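Everything quoted here is computed from the prediction, not taken from an experiment. Letters A, B, ... are given to chains in the order of the sequence lines, protein chains preceding strands, and every chain is numbered from 1.
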Amino acid sequence: MSFKEKSAWVMGLIMLATGLWYAQLVAAAPQAPVIGPLVPYVLAVIVLSIVAQVILAILSPKEADAPADERERAAIDRAGNWSGMVLGFGVITAVIMYIGGWSATLLVHAVIGSLIVSTIAEYALQIYFFRRAI
Amino acid sequence: MSKRPPITNRVRILREEHDKLSQAALGEAVGVTRHTIIAIEQGRYSPSLETAFRIARLFGVGVEDVFGWEGE
């Protein structure tokens, strides 16, 4: 498994775990101010991402320094393209729900949720394209 | 699932003819990862024209001596 694939697995799992935690926080108090669940979520993502990338770099220092090659760049670009569509779909759906009566708080949570889902999709697609070799 | 590219190659044969050059060493020499060399050898990935030329020049042959069109 290449360094980029390992990194995608780790980051995808971090986003999945923290995303589920965020959903749990929101479900416990759906109408509470957004800042309540958002701040600990963002901090958790930042800290876990830094720790995971440092550990990966210590384990494979040479690969960590190397830029993505042409096949990896193509995989990353294609995954980003598809995940952008996931984000767009989520945001538009959230706006439609807001127009239909959702509160502004739920709109923000839905947009953040879409961002989380699209990021997870991006890492999952990267892994798929790395393995399929584009 | 996408179709395999219709490009054949002799990269593995040429590696073996050149003192069994490793996939990692070839990848490093032409600027791609070992995983990309593996994907090229297995016919799952067609390299860019630049990488194809780099591989051919490394082995001291022409691009058409390394890569071909399926069925030809």
Side-chain angles (χ1 to χ4, degrees), chain A residues 1-15 49 52-86 88-89 118-134, chain B residues 1-16 18 20-72:
Chain A
M1 192 186 296
S2 71
F3 180 83
K4 294 284 183 293
E5 188 180 333
K6 278 182 215 162
S7 178
W9 271 109
V10 169
M11 292 307 298
L13 290 174
I14 286 174
M15 292 308 297
S49 301
Q53 290 300 326
V54 168
I55 291 170
L56 282 175
I58 289 169
L59 293 175
S60 316
K62 197 178 166 191
E63 280 186 284
D65 271 348
D69 75 4
E70 60 181 49
R71 184 180 62 87
E72 292 169 333
R73 278 197 303 274
I76 291 166
D77 288 350
R78 196 174 290 188
N81 184 34
W82 281 100
S83 70
M85 290 184 206
V86 173
F89 176 79
S118 74
T119 308
I120 294 167
E122 182 169 6
Y123 288 122
L125 286 164
Q126 280 183 17
I127 293 164
Y128 172 70
F129 290 133
F130 285 150
R131 295 196 161 199
R132 201 192 66 173
I134 288 293
Chain B
M1 204 71 176
S2 70
K3 288 197 305 185
R4 288 167 80 90
I7 309 287
T8 59
N9 74 81
R10 297 178 58 241
V11 173
R12 182 189 293 272
I13 296 163
L14 288 163
R15 270 196 313 107
E16 284 168 3
H18 284 75
K20 293 193 190 302
L21 184 69
S22 71
Q23 291 166 327
L26 174 59
E28 195 168 349
V30 301
V32 298
T33 62
R34 180 174 68 87
H35 303 277
T36 296
I37 296 296
I38 292 169
I40 293 169
E41 287 187 357
Q42 291 175 347
R44 292 185 293 118
Y45 174 68
S46 293
S48 67
L49 193 55
E50 181 182 335
T51 300
F53 266 98
R54 286 184 191 280
I55 292 170
R57 288 171 69 89
L58 186 89
F59 291 131
V61 295
V63 176
E64 289 202 352
D65 296 318
V66 186
F67 297 96
W69 193 258
E70 208 170 61
E72 287 182 3

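Between the side chain of R34(B) and the main chain of S2(A), no donor-acceptor pair closer than 3.5 Å is present.
Annotation: E64(B), atom CD; neighbour count of heavy atoms from other residues, nucleotides and ligands within 6.0 Å does not exceed 12. Enclosure of atom CD in E28(B) is not indicated, since only 12 or fewer non-hydrogen atoms of other residues, nucleotides or ligands lie within 6.0 angstrom.
H35(B) is not listed as a side-chain neighbour of E72(A), based on a closest heavy-atom distance of 4.5 Å or more. For the pair R71(A)/I40(B), no side-chain contact is recorded, criterion being any heavy-atom separation below 4.5 Å from C-beta on.
Of all non-hydrogen atoms in D69(A) and T33(B), the two that sit nearest each other are OD2-N, 2.8 Å.
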